Amino acid sequence: LVSQMYQFQGRWHTQALLQGLLQYQKHFEAKDSDIILVTNPKSGTTWLKALVFSLINRHKFPVSSGDHPLLVTNPHLLIPFLEGVYYESPNFDFTELPSPRLMNTHISLLSLPESVKSSSCKIVYCCRNPKDMFVSLWHFGKKLASQETADYPIEKAVEAFCQGKFIGGPFWDHVLEYWYASLENPNKVLFVTYEELKKQTGDTIKRIAEFLGCGFIEEEEVGGIVKLCSFESLSSLEANREGKLPNGVETKAFFRKGEVGGWRDTLSESLAEEIDRTMEEKFQGSGLKFSC
Ligand code: A3P
């Protein structure tokens, strides 16, 4: 619920994620070899986690092998969500993670722990067009909803989103910070979009591989990763249909439609226009555009 969010360092957070963030800012020490996946909620986090996990582990776990970890484990259980882990399991030992450590966060660039910014660790940022992301979060919220949340009007939610009240947001600032960082420091931040991943999954995997310095990757391996991590494949696995995360969220909640432009089923024309108008105003002059 937007009324139960807190502002810290100019960004909005739920109480739980803010508590996690404070611990994470205080205790997390980045290593040069770390890989941090950054997304806004509902922007393809689960997919990106699966793709990068299978990419960096392809020698240890060949993608076509029948006992690949992604066939039996939800990606969120393989890759820690930093502010979530600091909130739920403050004694989690990050030094135990195999190298390179792969982790994810929703935190804005401005609130990242100092060591993430000063080390040579790599950031892969995945952004999704705001209308699909908003709609995806809207449906996710309904699934997890209390009665109060379930009755919240979508018009008010769109208004709050456009005005900036959004987990980790304003969304617009979150995206722009990483967008400019990727232009200024392309060795540190790679900016990809959900839409690119949908349209050119293989080529985007190759861009990520090059950015992470993963060495030569065979076309067959790229094809294997695309297939293993596809919506159809992941969403049909028992681990993702039947599982639960330690916080009780059902893993199937992370798989809904997996489409580009699906917002049309949920947003009226005027609500879509409200988001488009805000996007144009906020992204004006940045070179960043979403045409879906
Ligand atoms: P929809 O609700 O539009 O279907 P996140 O992982 O950041 O929570 O994002 C969830 C969104 O990504 C959901 O979008 C979900 O269906 C979609 N998604 C999950 N796995 C995917 C995959 N392998 N390929 C494409 N989209 C995927």
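The model shown is predicted, which means the values in this text are computed figures rather than measured ones. In listed order, ligands and their atoms are each counted from 1.
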Which of the numbered atoms in ligand 1 are below 4.0 angstrom from a heavy atom of [X]?
X	result
Ser230	23 (N)
Gly44	5 (P), 6 (O), 7 (O), 9 (O)
Gly258	1 (P), 4 (O), 16 (O), 26 (N)
Thr45	5 (P), 6 (O), 7 (O)

Residues in side chain to side chain donor-acceptor pair (under 3.5 Å) contact with Ser115, at least two apart in sequence or another chain: none

I'd like to know if [X] pairs up with [Y] as an ion pair, taking the criterion as any Lys NZ or Arg NE/NH1/NH2 lying under 4.0 Å from an Asp or Glu carboxylate oxygen.
X	Y	result
Asp34	Lys31	no
Glu196	Arg207	yes
Lys131	Glu274	no

So which protein heavy atom does [atom] come closest to, and at what separation?
atom	value
atom 19 (C) of ligand 1	Phe254 O, 3.2 Å
atom 8 (O) of ligand 1	Lys42 NZ, 2.5 Å
atom 23 (N) of ligand 1	Cys229 O, 2.9 Å
atom 24 (N) of ligand 1	Trp47 CD2, 3.2 Å
atom 6 (O) of ligand 1	Thr46 OG1, 2.5 Å
atom 13 (C) of ligand 1	Ser136 OG, 3.6 Å
atom 16 (O) of ligand 1	Arg256 N, 2.9 Å

Quiz item: cation-pi between Lys42 and Phe140, 6.0 Å / 45°: yes

Non-hydrogen atoms of Arg128 versus ligand 1: any pair closer than 4.0 Å? yes

Compute the minimum heavy-atom distance from His139 to ligand 1 and say whether it is under 4.0 Å. no

Ligand 1 contact on [X] by region, counting heavy-atom pairs under 4.0 Å:
X	answer
Ser43	backbone
Ser233	neither
Ala50	neither

Distance-only polar pair, side chains of Thr14 and Gln4, donor-acceptor under 3.5 Å: no

State, without any angle test, whether Ser54 and His68 hold a side-chain donor-acceptor pair at a distance under 3.5 Å. no

Heavy atoms only: give me the nearest Thr39-His106 pair and the separation to one decimal. O-ND1, 2.9 Å

Could you walk me through whether Glu221 and Arg58 satisfy the salt bridge (charged side-chain N to carboxylate O under 4.0 Å, His left out) test, starting with their C-alpha distance in whole Å, then the side-chain angles of each, then the deciding distance to 0.1 Å, before giving a yes or no? CA-CA 8 Å; Glu221 283 176 319; Arg58 68 191 190 281; 3.3 Å; yes

Check the hydrophobic clustering (I, L, V, M, F, W, Y; side-chain heavy atoms under 4.5 Å; chains of links allowed) and say if Tyr87 and Leu112 are grouped together. no

Would you check the N or O atoms of [X], main chain and side chain alike, for any that come under 3.5 Å of an N or O of ligand 1?
X	value
Tyr194	yes
His76	no
Leu234	no

Leu110 side chain near Gln9 side chain, heavy-atom distance below 4.5 Å: yes

Ignoring hydrogens, just give me the one of Phe134, Trp138, Phe231, Phe255 whose non-hydrogen atom is nearest atom 27 (C) of ligand 1. Phe231

Ile107 and Leu82: side-chain contact (heavy atoms from CB on, under 4.5 Å), yes or no, with the steps? CA-CA 9 Å; Ile107 293 306; Leu82 285 158; over 6 Å; no

